[in-house]
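Okay, so here's the structure we're looking at.
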Amino acid sequence: MQHPLEVKNAKGSAMLLGLSLAKCRVVIGEAFDPLTLERLLYAPWLDTDPQENVTPLLLYPGGIVGSPSIITRPLRLIVIDATWRKSRKMLYLNPVLATLPRFSLNTMEASRYLVRKAQRPEQRSTLEATCAALGELEAGADLKYEPLLNAFDGFVDALLAREI
């Protein structure tokens with residue numbers, strides 16, 4: 001879920017996720033109609049999706065750390081692409097989001113995202129956080145997202161070269 005102010009940001013990483021992951025869907029907005037939000041969270045997105053219910057899991061601090069083995073249905077990882085301030089506002093404006101079970105990342109290595117300054121060392125770009133979460137949630141997928149992260153390194157290098 002991408003905040004509208006992030007859409008045209010040349011340094012944004014959510015667009016790269018949308019282009020790189022087959023089952024990724026980027027939805028733009030700050031406040032969503034409750035019915036629309038329910039459909040985004042629970043309904044199948046593609047004709048190939050199983051008709052089985054999914055469990056939306058919000059990637060956000062303050063939740064389960066590590067793989068949520070208590071949830072057995074297929075998971076849909078919900079990621080908010082916004083500044084921390086705007087992400088808190090999105091939770092406030094969309095009460096359904098605030099009620100979702102949360103998933104928090106285990107300790108991560110230093111951020112590769114050198115074009116934006118984080119307020120705290122554990123903060124990551126949307127792409128880095130999503131890759132880390134998917135790697136933790138998918139059994140045996142520790143290195144599955146490394147090629148995407150390597151491509152992200154090239155994206156960051158190109159941005160840094162433009163700023164010099």
Side-chain angles (χ1 to χ4, degrees), residues 1-32 36-37 40-41 45-46 54-68 74-94 96-138 141-163:
M1 304 188 87
Q2 188 175 46
H3 190 279
L5 294 177
E6 292 293 319
V7 174
K8 293 185 180 179
N9 190 329
K11 297 176 183 178
S13 62
M15 175 191 65
L16 296 174
L17 281 171
L19 295 171
S20 303
L21 300 176
K23 291 190 175 186
C24 178
R25 183 172 179 188
V26 178
V27 180
I28 300 163
E30 183 178 46
F32 295 88
T36 301
L37 185 55
L40 289 170
L41 296 175
W45 288 349
L46 306 168
V54 296
T55 298
L57 185 63
L58 181 64
L59 177 60
Y60 208 82
I64 302 166
V65 176
S67 185
L75 296 175
R76 177 169 292 157
L77 186 64
I78 307 300
V79 180
I80 297 175
D81 181 53
T83 64
W84 284 106
R85 183 177 180 188
K86 293 291 184 188
S87 73
R88 287 188 295 272
K89 185 176 181 185
M90 287 173 73
L91 286 178
Y92 174 77
L93 293 174
N94 300 284
V96 172
L97 279 181
T99 65
L100 293 177
R102 292 184 186 186
F103 178 70
S104 298
L105 295 172
N106 288 320
T107 305
M108 292 180 57
E109 60 188 50
S111 177
R112 299 168 148 177
Y113 199 44
L114 305 174
V115 293
R116 279 191 175 172
K117 293 184 181 180
Q119 295 171 357
R120 294 187 300 214
E122 68 274 8
Q123 293 177 337
R124 301 289 171 266
S125 69
T126 299
L127 186 138
E128 289 174 300
T130 302
C131 288
L134 292 172
E136 288 181 32
L137 292 168
E138 297 175 16
D142 295 345
L143 299 176
K144 179 178 179 180
Y145 297 97
E146 199 60 35
L148 178 52
L149 289 167
N150 290 336
F152 182 63
D153 289 341
F155 170 73
V156 170
D157 290 345
L159 288 172
L160 289 172
R162 287 178 51 195
E163 290 182 2

Heavy-atom side-chain contact between [X] and [Y] under 4.5 Å:
X    : Y    : answer
K144 : L134 : no
L21  : Y145 : yes
V26  : M15  : no
C131 : L127 : yes
L17  : D81  : no

**Report entry** Point-to-point distance, once rounded to the nearest 0.5 Å, from OG1 of T130 to CD1 of I78
**Finding:**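 It is 10.5 Å, given to the nearest 0.5 Å.
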Query - Rounded distance [0.5 Å steps], CG in L105 versus CG in L59 - result: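 These two atoms lie 5.0 Å from each other.
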For [X], check side-chain contact (heavy atoms from CB on, under 4.5 Å) against everything at least two apart and list the hits.
X   : answer
S20 : L148
K89 : E30, L93
L37 : M1, F32, L41, N94, V96, L97

Give the minimum heavy-atom separation between [X] and [Y], together with the two atoms involved.
X    : Y    : answer
L137 : L57  : CD2-CD2, 4.0 Å
S104 : E136 : O-OE1, 4.4 Å
S87  : A82  : N-CB, 3.9 Å
P61  : R102 : O-NH1, 3.2 Å

**Report entry** side chain to side chain contact (heavy atoms under 4.5 Å, CB included) assessment of Y60 paired with L91
**Finding:** CA-CA 10 Å; Y60 208 82; L91 286 178; 3.5 Å; yes
Report task. Run the numbers on L40 and R25 for side chain to side chain contact (heavy atoms under 4.5 Å, CB included), then give the verdict. Result -> CA-CA 9 Å; L40 289 170; R25 183 172 179 188; 4.0 Å; yes
